[in-house]
Amino acid sequence: MKEVPKTFLESLNEAQRDPVLHKEGPLIVIAGAGSGKTRVLTYRIANLMASGVDAFSILALTFTNKAAREMKSRIAELVGESEAKNLWMGTFHSVFARILRHEGEKLGFPSNFTIYDTQDSDRLIASIIKEMGLDKDIYKYKQVRSRISAFKNSLITVKAYYNDTDLQEADAMSKRPEMGAIYKEYVDRCFKAGAMDFDDLLLRTNELLNRHPDVLAKYQDRFRYIMVDEYQDTNHSQYLIVRALSDRYQNICVVGDDAQSIYAFRGANINNILNFQKDYDDVALYRLEQNYRSTKTIVNAANSIINHNQTKIDKVVWTANDVGSQIQLNMLSTDAEEGRHVASTIFEHKMQSQRKNSDFAILYRTNAQSRAMEDALRKRDIPYRIYGGLSFYQRKEIKDILAYLRLIVNPKDEESLKRIINYPARGIGQTTVDKLVVASKQFNLSLFETINKARELDLKFNAGTLLKLSDFTLLIQRFQIENEALNAFEMADLVTKKVGFVQELKKDATPEGIARIENVEELLNGMRDFIEGQEELADATGSLSEFLEDVALATDLDKDDDPNSDRVALMTIHLAKGLEFPFVFIVGMEEDLFPSAMSLNTRSELEEERRLFYVALTRAEERAFLSYTLSRYRWGKLIDAEPSRFIEEIDPKYINSIKPKESYQYKPLMDTSIFENESQPKRFFKKPSPKEKTITTPTPTQLKKLREIDQIKPSQSDQEPLKLIEGMEVEHARFGTGIVQSIEGNGNDKKAVIAFKGFGVKNLLLRFAKLKIK
DNA sequence: TGCACCGATGTTTTT
DNA sequence: CATCGGTGCA
């Protein structure tokens, strides 16, 4: 093992060095925004390893898988790749899912249990409500789901629920006396399906550790050093897991910032961090208060905001950085105007200070706000990437394929089965499925077993239906046999072909339909990449179940696209936690939007919104831009808006309020091409001028046409396909660089045959292929 | 049983 | 605006 370089410790300030050198016993690090807490965690782990602690006995729980990966690779730089690989590092959900794969059988779960996502849970709850004959307007499945989730996160099991008269009364008061019954049925059905939802991954881990002292002892002994990042956002269930695991050795290190607690809505309990010192004996407390990220203006402005909160640990975040520019505040008339303003400000700063697209981030409170930003960026030919929102794996066509794959791995998975039993249509309709569900309950079989035994159970199906049903089970069973020998990619490829997904999707020739086919291709490509990635890992097999677990717990942040793509980042503020950007735009600074209208009822909810604003502002390194509009589209209607109360809470000396200027009035109805021509000529055939070349350092991508499928409307004049010439070098978002071999067709049907390095020859419809000319 | 159309309904935030 | 579930017809 490599020695940790001396310079490594020397590069830390004193406040950072102390917790890094603290080896044994509990410690808490209260770390202000931008104070280098990730560094502290990273160095501490490296230091432990360098002083002889086995990597296998270190557990580090992070908030995202991306954070875990980044930390791991930094540690690898310090102590060597092979040792770093042995660290247990990941989100609570992924680490304990892995443990439950090994130990879940003790709780009656198969090792290949399915992980239900929110949508699966919603569907199951909706069908339970329907089966129970309850009024769906009173029992709204989303409300029911979040209530059940809250139960689970507080470790209120079904049994505990029925022992708690207060809870039952509360539900009776809100006219939902059947809540407990739904909860019970939901838990039973998940169990029968061999499925766990996100909350179960934590709840069942607690159950495992409680009921099986031997298992608890095993993992206590294994994880002698435990570290938890973003501790302020842990919920009760996570808290108990950490407590149980660290109980024996007490080598527990938690890092967090109460001012950045923004997940109360999903059960995060700020008291976990506030009370940490009471939970363990002789807790060492370290504070990191020096901010290295942002300018004085940003740090001080953020402090002035958070001071409006009553509940907080007192700390003074300060910085030695420059004062920097004032925060710029802009008022715009509509959300479209706001988008234009942001896009042109980005454009101007790129020109003025030679910035990359990836130096800019646009942050918003709700995903729906991304639309206006996208439109504006696209018009300005500024490449961007949206994080979050409807993630790739949530798309219908992708979920359909995944449902087949999930069913193959776990035939008890009821939600997957119901999803695909009649897709593509094979004559098994709702009535049949309903009967099967009833029968499966009656005979206490899984839905799949019920179908499999439909004949012998003497269900009243006619011969035709019985045949269709047995065809279906046969199909799945054949896949299961194939799955023994094939890896995840081969399996998905086989399923896609055998089931005829692409043919099915081809029936829909609309742009959306074609986009779906592209998505299916992307899924398969992604799976192949996954297999290649897994081959490098010692304990990975590349099996389908491995892939499915990866998918279930992957966040959108995890899906890194090619590293040399230079794009503006668009995301919700929640997703931006832990990230930093030189230039940050916080848009939609309006009452009822930010703070959200849903949060105005209680002080604690409002304070969480304020912390969210604090998080947003402290993402900025150099400059922050705030904007609000006078009216914006919500639910398709133009709604009047007024400025957010948070704007007034910023000490005015840090703000530069800009009145609408001539330069931002683009006359919305004007043909945008006029504008584009004067500032950003479409020079597809010329090489970029030297001046522009200096703007983006690695690849001058910003002038290249970025085409997004969902934006294409055939009637629009600017939708003319790229002017390609044979022999031209082009870049595709997925396939990388390729050479145009030939071009055929005209107008909307214009296609190009392109040979890609490593991906072979593809025939692409130019309307939809996201091509850029190199 | 399948498909096309209709209206109602909902938006914070996510592992 | 976009998705969902329900209805009515083939």
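What you see is a predicted model, and the numbers here were worked out from it, not measured in a lab. Proteins get letters first, then strands, A, B, ... in listed order; numbering begins at 1 in each.
In this structure, CZ on A:Phe646 lies 8.5 Å from CD1 on A:Ile305, to the nearest 0.5 angstrom.
Rounded to whole Å, the distance from CG on A:Asp233 to P on B:dT13 is 16 Å. Residue A:Arg266 contributes atom CZ, which lies 13 Å from atom P of B:dT13 at whole-angstrom precision. A:Met571 has its CE atom 14 Å from the C1' atom of B:dT13, to the nearest Å. In this structure, A:Trp635 places its CH2 atom 18 Å from P of C:dT3, rounding to the nearest Å.
When the P atom is compared between C:dC4 and B:dT13, the two are found 16 Å apart, to the nearest whole Å.
Note on A:Thr432: only backbone sugar-phosphate atoms sit closer than 4.0 angstrom, heavy atoms only; bases stay farther off. Among the heavy atoms of the strands, none lies under 4.0 Å from A:Glu608. Within the 4.0 angstrom heavy-atom criterion, no nucleotide atom of any strand lies near A:Lys637.
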Could you list all N or O pairs between the protein and nucleotides 2-5 of chain B that sit under 3.5 Å apart?
unit_1: B:dG2; atom_1: OP1; unit_2: A:Asn422; atom_2: ND2; d: 3.4
unit_1: B:dG2; atom_1: OP1; unit_2: A:Gly427; atom_2: N; d: 2.8
unit_1: B:dG2; atom_1: OP2; unit_2: A:Asn422; atom_2: ND2; d: 3.1

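Applying the side chain to side chain donor-acceptor pair (under 3.5 Å) criterion to A:Asp137, with sequence neighbours excluded, gives no partner residue.
When each of A:Asn112, A:Thr114, A:Asp413 is tested with A:Arg406 by the rule side chain to side chain donor-acceptor pair (under 3.5 Å), just one qualifies, namely A:Asp413. When each of A:Asp199, A:Asn153, A:Thr205, A:Asn206 is tested with A:Ser237 by the rule side chain to side chain donor-acceptor pair (under 3.5 Å), just one qualifies, namely A:Asn206.
Seen from the ring of A:Tyr263, A:Arg266 counts as a face-on cation partner, given the 6.0 Å and 45° thresholds.
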